[in-house]
Every structure is written in C-alpha cells, then in structure tokens.
**Q** 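Quick one: the structure is below, and I'll ask about it shortly.
Protein chains get the first letters and strands the later ones, always in sequence-line order, with residue 1 at the start of each.
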2 protein chains.
Amino acid sequence: MPKELNAKSPENQVPTMLDVARRAGVSAMTVSRALKKDGRVSDATRERILAAVNELGYVLDQSAGSLSSRKTGFVAAIIPSINNSNFADTARGITDELENTGLQLLLGYTDYTAEKEEKLIEAMLRRRPEGIILTGGTHTDHARRMLESAGIPVVETWELPPKPIDQVVGFSNEEAMALLVRTLARKGYRKFGYIGGTTSRDTRGSQRRAGFVKAIEELGLPPGRLVSFGVPPISIEQGGQAVVGMLERWPDTEVALCVSDLSAFGAVMECKRRGIRIPQDIAIAGFGDFEIAAYCHPTLTTVNVDCYGIGKQAARKLIQSIKGEDNGLSQEIILTSYRVVERESA
Amino acid sequence: MPKELNAKSPENQVPTMLDVARRAGVSAMTVSRALKKDGRVSDATRERILAAVNELGYVLDQSAGSLSSRKTGFVAAIIPSINNSNFADTARGITDELENTGLQLLLGYTDYTAEKEEKLIEAMLRRRPEGIILTGGTHTDHARRMLESAGIPVVETWELPPKPIDQVVGFSNEEAMALLVRTLARKGYRKFGYIGGTTSRDTRGSQRRAGFVKAIEELGLPPGRLVSFGVPPISIEQGGQAVVGMLERWPDTEVALCVSDLSAFGAVMECKRRGIRIPQDIAIAGFGDFEIAAYCHPTLTTVNVDCYGIGKQAARKLIQSIKGEDNGLSQEIILTSYRVVERESA
DNA sequence: GCGCGGCATGATAGCGATAACATACATGTC
DNA sequence: GACATGTATGTTATCGCTATCATGCCGCGC
C-alpha cells in the first residue's frame with residue numbers, strides 16, 4: 001500500500017458515506033443526493049459535503065450503490081483478442097458511444113476459444129452488467145443458456161449468426177470474401193489460393209474460407225488451393241511460411257487471398273525477401289484493412305470492414321434496449337458495410 | 001432482451017440465491033457454501049443445489065457477495081491504448097499471471113492523456129479494485145491523492161517515476177534510447193536524427209527523446225536533428241511523413257531513430273516507395289520490437305522491451321501485496337530488461 | 001389564520017450475498 | 001454411557017449504499 005496511507009486515515013480504513021455525512025453534519029442520504037447530478041440539495045449543503053469529501057479523500061462505493069439501485073453502470077464486451085487492431089477499433093467504437101451515458105465498458109478477451117468465452121461470460125454476468133456485446137455467433141450451450149436467462153440485452157457482432165440470441169450488428173464474412181474473389185476474377189486472375197488457420201476456432205476465418213470456395217465454384221474457376229497453417233489467429237510469420245508452402249506445392253498460383261491482413265503482410269514481406277515480385281509473380285490480398293495495409297510497400301489489396309462502426313452501432317443498440325426505447329424491435333439485424341480496397345498487391 | 005427470457009422466468013426476474021435455496025430445500029448459506037470451492041457441504045446436498053442452479057440458470061451475484069465479504073475479486077489496469085501491441089502484451093502478462101488467483105482484470109485506456117487517466121482512475125476506484133496497475137509515473141494531483149487514500153496496492157509500470165506512489169515495475173526509457181544511440185555510434189553512424197511526437201502527452205516518448213539528446217552530447221557527436229510530427233502516439237503514416245521532412249531539411253542524415261516501431265516502419269516503407277535505400281542512403285531504427293519489426297523487409301533494428309514481463313511482474317507484485325506477503329518491501333523497484341536488436345535497417 | 005404545495009432533509013428498510021456464531025447430529029474414546 | 005470432537009447446516013447481523021416514504025419548514029392565496 002502507499003506509505004502515505006497511515007498518515008491519511010489512522011484506522012487504516014477507507015472512509016464511507018457515513019463518515020462524510022458526519023463530517024458535513026448531515027445524513028448519509030443527503031450525501032448520496034449531493035453526489036449525483038440530479039440530486040436536489042441546497043447549494044450551501046452541497047458545498048459543505050463536497051468539502052468533506054475532499055478532506056477525507058472519499059470515493060463513492062459503486063458496488064454498494066448498485067446493489068441498492070439495481071444498476072451496475074457498466075456493460076460488458078467480449079472480443080477474441082486485444083492484440084488485433086480490428087477488434088481494438090470495435091472496442092473504441094463502443095467506448096466512444098458509451099461516453100456521457102454514465103456507462104462504463106468492461107472488456108474481456110477469449111483468445112478465440114469458446115471455452116474461455118464461456119468462462120468470461122460467466123465472470124461478467126456475475127458482476128451483473130446492464131448489457132453485453134459479443135463477437136461472433138458461436139457459443140457453448142451453457143453460455144447461451146446463461147445469456148438467455150440473464151435478463152439483459154445481448155448484441156452479437158462481426159458475423160450474422162444463424163440463430164441469434166438477441167440483437168445482431170455485423171456482416172457476412174462469407175459474402176465479403178466472395179466479393180473479393182469476384183473482384184479479382186474480374187481483373188483476370190484465375191488460379192486462386194487461400195491461406196488461413198488450421199482449426200475452426202476462428203469462426204469468421206472459417207466463414208471467409210467458405211465464401212472463397214463458394215465464389216470460386218460459382219465462377220467456374222479451377223479449384224482453389226487451400227493452405228491451412230497455424231492456429232488462429234495466424235501471425236505475420238505464419239503468413240510468410242504459408243505462402244512459401246503454397247508456391248512450392250502449386251508454383252503457378254496467380255493470387256493468394258489471406259484470412260487477414262497480418263498474414264497477407266507476412267506473405268508479401270517474405271516474397272520480397274525471396275525476390276518474388278508482387279503482383280507480377282504472385283498477387284496477394286488480405287482482409288480487414290489494418291493500418292499497415294495502406295502503408296506497407298507494396299500497399300495491400302484488402303477488404304475494408306467498418307470495425308469502428310460495428311462497435312458504435314452495437315453500443316447504440318444496447319443503450320436503447322437498456323433505456324427501454326426498444327419498441328420491440330429487438331430482433332432487428334443491423335448490417336454493416338464492407339468494400340474491397342484495390343491497392344498495389346493484387 | 002432475449003425473447004426466451006419470458007419463457008424461462010415468468011416474473012421476468014433474475015433468480016437469487018434464495019430461489020435456489022428454496023428449490024433445493026436448504027438455506028441460502030448452504031447454497032453459498034456449495035458454490036465456492038472451499039465450501040464444506042455434503043455431496044448429496046451439493047448435487048441437489050447444483051441441479052437447482054442449473055434449472056434456474058442461476059449466476060452468482062458477485063457485487064452483492066463482495067459487499068459482504070469486502071473482496072471485489074478484481075484488479076484494475078490502466079494502459080494508454082489498447083491499439084498498441086506493446087501494451088497489449090503487458091495486458092496479456094497481467095491476465096496470465098492473474099489466472100487461477102480468482103482475480104479478474106478490469107482494463108481501461110487513457111488515450112495518452114492525464115485527464116482521461118484521472119477520470120478512469122476514479123471510475124475504477126469506485127468499483128473498489130483490490131489493486132491497480134498504472135502505465136507511467138505522471139498523474140494529476142487529484143489522481144495521486146485518490147490512489148494514496150484508496151488503501152490498495154498500486155504498481156506503476158513502463159517507467160521509473162521520480163516520485164513513485166507505491167511499487168514500480170519498469171525501466172529507464174532514457175537509458176534504453178541512449179543505449180541504442182551508443183550501439184549505432186559504434187557501428188560508425190555520426191549524423192543522427194530523431195523522430196517523435198509533438199507534445200509531452202507521451203511521457204515515455206519524451207524520455208526517449210531526452211535519452212537521445214543526452215547520448216549524442218556525451219559521445220561528442222554533431223547535434224541530433226529533432227523532428228516532431230503529430231500528436232502521440234504517432235502513426236505509421238506520420239512516421240513516413242516525418243522522415244521525408246527530415247531528409248528535406250537535413251539531407252545528409254545518416255540514421256533516423258524513431259520513438260516507436262510503428263513510426264519507424266512507416267519511415268522505412270515511405271523510403272522504399274521513394275527508392276531511398278535502407279540502410280545505405282539512410283538507416284532507420286525503431287523502439288519496442290513489435291512483431292512487424294522482425295518480419296518487414298528490410299527487418300527493423302529496434303530496442304526490445306520486456307512488455308509481457310512487465311505485466312507479469314506487476315501482477316505478481318500486486319498479488320503479493322493483496323495476499324499480504326508484502327514483508328514491508330513495498331517500496332522495492334523492479335527493473336525490467338531491454339536490449340538492442342540489430343537487424344537490417346540500421 | 002388555515003390549508004396547501006413545494007422544497008430540503010431525515011428515517012427506515014431493503015438490495016443479495018457472506019462472516020460469524022449457533023445448533024444438531026454422528027462418531028469416537030475411555 | 002458420558003463427554004469431547006467433528007461435520008453439516010441454519011440463523012442472524014451486517015457490508016455501504018439508495019428507494020421510498022415521512023417530516024418539517026417556508027411562503028402563498030383566500
């Protein structure tokens with residue numbers, strides 16, 4: 001503990017509202033009122049109370065308050081990883097939208113596993129959030145049950161779950177990847193490869209892969225060459241290794257689509273290191289439009305997703321539901337935009 | 001709310017421990033005991049209770065529990081940005097160390113401003129964390145006062161604050177940057193430039209810059225060329241713009257050191273785009289050893305910092321203090337390691 | 001002068017869990 | 001069989017705050 005502690009509070013005790021009340025010569029209830037914006041307290045009293053608060057270094061105990069008022073003042077958001085700028089943008093969108101609502105964000109990450117997600121959801125629900133934002137639509141049965149009986153609004157994001165729990169703000173990863181394939185096919189590419197992770201842990205990755213396969217079929221192109229490499233989320237390094245493997249096995253591949261910009265970036269850099277020209281020898285495209293995609297050399301063709309907007313809109317829906325402005329539209333699904341960004345690499 | 005809600009709980013009410021107790025035919029206290037690992041309850045009773053929990057979809061209300069037990073079961077950590085893989089690594093270190101302690105992490109970010117930090121600290125303290133981890137040693141007076149009277153252990157990280165609040169886990173950013181300068185001077189570089197942000201919002205950035213200036217002076221080299229560009233944290237794009245500005249003003253610059261790997265990466269890519277050879281025409285070095293540093297082309301010379309270890313050790317200290325294994329060593333300062341990683345760019 | 005509405009403040013009763021103590025019953029010891 | 005010991009469970013009293021209702025006071029109109 002800070003050494004100053006004992007000097008400040010002789011009994012080694014954090015002051016309570018009652019301490020403040022006594023010092024200001026009022027009741028605890030009046031202190032409580034003085035500390036909220038809508039409290040009706042005379043100016044003189046409020047001043048005395050705020051002075052006492054300052055002298056004691058008092059900080060409201062919100063956990064006690066929320067037990068009484070049955071409002072905890074926070075919402076939970078669960079993302080796969082904080083080390084991914086797409087999800088960080090979503091988190092930022094949520095935070096921005098929450099600003100000035102008095103709600104705080106409690107953030108957790110799952111490392112892309114449903115088990116961690118389940119544990120995290122339970123840990124969050126124990127603290128009684130007023131709403132919860134999830135990434136993706138795949139959850140364990142137990143997680144679904146807990147969410148359904150929690151009595152709070154739930155928003156699933158980043159995908160279009162076949163069986164939504166409650167509300168949805170997202171887009172079809174399958175369609176987005178298919179759009180990328182069609183766009184590149186129109187540019188003349190015919191021999192497509194796909195680089196992604198090995199397991200289905202990353203459901204959005206699986207959906208993108210499915211969209212790739214579907215689009216290739218629909219266009220009547222030669223079957224796509226699928227490389228699975230590494231446990232999702234696959235890294236920059238793994239992207240480089242994967243593209244090497246792809247070129248060894250199928251040297252005539254014309255364009256490699258990657259599950260994310262990070263792996264695409266790794267692939268591009270590894271090719272440059274080996275003197276393989278991009279896009280002449282092989283074209284490469286990513287997914288997500290991370291900041292590096294626009295500034296690496298060559299710049300990266302990719303699919304831009306409205307990450308920030310997903311967060312903003314998810315938070316907005318949640319706030320509406322919490323405030324009861326729901327109008328029974330809770331099952332409405334909000335589609336967010338995506339678009340192919342054509343740059344130098346493909 | 002999920003539509004299934006009404007089907008599950010007719011009164012639209014989340015069940016409490018008492019509901020579970022009644023259903024299992026025991027008292028609330030026995031339910032409480034059955035739900036914690038160390039609770040002493042007969043197997044038969046526990047089974048009945050767990051069945052009731054399942055049927056009702058009951059989830060413990062931790063905010064009520066912590067009011068009673070005076071333990072909230074979480075620690076707070078405040079980082080400048082979640083969109084920075086260095087701090088994300090620190091967060092991961094904290095989470096990993098917290099695993100199996102029963103403590104949860106509540107994460108917040110300040111966008112590098114002391115005002116947001118102050119608001120965030122107050123918001124966190126309201127929820128009564130059992131400990132708090134901060135980034136950096138610069139805080140508003142009010143923030144310091146709140147932390148000092150909160151009665152919980154505090155760990156400041158990533159720097160060596162001149163006036164620590166409590167405990168410290170970090171390193172000297174000044175010394176680390178000076179080490180980079182000395183290392184490169186030994187390789188023969190003499191005309192040094194420095195690229196960083198414009199304001200002092202990023203205290204670690206300012207310290208690195210100071211270390212740069214100091215080392216140049218001590219080595220008796222020509223005065224360093226300082227470019228300030230953009231509000232911290234400076235982006236990839238701004239790194240590229242800054243290096244262009246530097247070369248316009250001081251075309252003979254031999255090596256540019258950047259406040260972080262992101263700006264260094266931007267500088268490298270912009271040079272490649274312009275046909276400026278690295279490191280022959282200009283050498284570039286970064287700071288932080290982000291993943292891209294090792295895999296971009298050319299690979300980036302940088303300073304590796306033990307981000308993950310900072311998080312691990314900060315959490316470990318915190319846990320010790322919380323458990324009271326403090327031994328009065330609370331003022332001990334833990335130094336974490338850093339080292340120059342020489343790669344292709346300088 | 002009486003009653004009324006409006007405002008500032010106080011008193012009381014929980015919110016949902018757990019700590020601490022109390023109780024009941026089974027087991028073991030001599 | 002009496003008593004100590006131990007285990008499983010229940011009872012009661014908070015934890016620190018806020019919702020709700022009660023109170024007292026002021027000024028106003030008729």
**Q** C:dA8 phosphate, OP1 or OP2: any side-chain N/O from A:Ser42 under 4.0 angstrom?
**A**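 So the side chain of A:Ser42 is outside the cut-off, no N or O lying under 4.0 Å from OP1 or OP2 of C:dA8.
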
**Q** Give a yes-or-no answer on whether the side chains of B:Glu117 and B:Thr140 include a donor-acceptor pair shorter than 3.5 Å.
**A**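 Note: B:Glu117 and B:Thr140 side chains miss the donor-acceptor criterion.
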
**Q** ring-ring contact (aromatic ring centres under 6.0 Å, His included) with B:Phe87: which residues, sequence neighbours excluded?
**A**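 Partners of B:Phe87 by the ring-ring contact (aromatic ring centres under 6.0 Å, His included) criterion, ordered by chain and then number, come out as B:Trp158.
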
**Q** To the nearest Å, give me how far apart CZ (A:Arg22) and P (D:dG16) are.
**A**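 For the pair A:Arg22 CZ and D:dG16 P, the rounded distance is 12 Å.
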
**Q** How many Å lie between NZ on B:Lys71 and C1' on C:dA19, as a whole number?
**A**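 B:Lys71 atom NZ is separated from C:dA19 atom C1' by 12 Å.
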
**Q** Please report, rounded to the nearest Å, how far the P atom of D:dC21 is from the CZ atom of A:Arg40.
**A**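 About 17 Å, once rounded to whole Å.
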
**Q** What residue pairs, at least two apart or across chains, pass ring-ring contact (aromatic ring centres under 6.0 Å, His included) with a residue in residues 96-143 of chain B?
**A**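 Those involving residues 96-143 of chain B do not exist here.
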
**Q** Using a cut-off of 4.0 Å on non-hydrogen atoms, how would the nucleic acid contact of A:Lys36 be classed: base, sugar-phosphate, or nothing?
**A**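 It contacts sugar-phosphate atoms only.
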
**Q** Could you tell me if the side chain of A:Met17 sits less than 4.5 Å from the side chain of A:Leu60, heavy atoms only?
**A**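 In short, these two side chains touch, coming nearer than 4.5 Å.
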
**Q** Under 3.5 Å, is there a donor on one side chain and an acceptor on the other for A:Thr110 and A:Thr113?
**A**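 No donor-acceptor contact under 3.5 Å links the two side chains.
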
**Q** Rounding to a whole Å, what distance do you find between B:Leu35:CG and C:dA17:P?
**A**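 After rounding, the reported distance stands at 9 Å.
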
**Q** Between the side chains of B:Thr45 and B:Ser42, is a donor N or O closer than 3.5 angstrom to an acceptor N or O?
**A**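 Looking only at side-chain atoms, B:Ser42 and B:Thr45 do form a donor-acceptor pair, the distance falling under 3.5 Å.
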
**Q** What is the distance, to the nearest angstrom, from the CD1 atom on B:Ile49 to the C1' atom on D:dA8?
**A**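 About 11 Å, once rounded to whole Å.
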
**Q** Over how many whole Å does the gap from B:Leu18 atom CG to D:dG10 atom P extend?
**A**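 Result: 12 Å.
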
**Q** Rounded to whole Å, how long is the line connecting atom CZ of A:Arg127 with atom C1' of C:dA17?
**A**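 Result: 14 Å.
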
**Q** With nearest nucleotides of DNA chain D determined for A:Val59 and B:Thr45 from heavy-atom distances, which residue corresponds to the more 5′ nucleotide?
**A**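 Per heavy-atom nearest nucleotide, the more 5' residue is B:Thr45.
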
**Q** Tell me whether B:Thr157 contacts the main-chain N or O of B:Leu134 through its side chain, where contact means a donor paired with an acceptor under 3.5 Å.
**A**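 Here the side-chain-to-backbone pair exists.
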
**Q** May I have the distance from A:Asp19 (atom CG) to D:dG16 (atom P), rounded to whole angstrom?
**A**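 Whole-Å distance recorded here is 9 Å.
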
**Q** Would you mind building the protein contact string for nucleotides 11-16 of chain C? One character per nucleotide, 5' to 3', B for base within reach (heavy atoms under 4.0 Å), S for sugar-phosphate only, - for untouched.
**A** B--BBB

**Q** Tell me whether the side-chain N/O atoms of A:Thr30 come closer than 4.0 Å to OP1 or OP2 in C:dA8.
**A**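 No, no such contact exists.
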
**Q** What contact category does A:Ser66 fall into here, base, sugar-phosphate, or nothing, at under 4.0 angstrom with non-hydrogen atoms?
**A**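 Here A:Ser66 touches no strand at all.
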
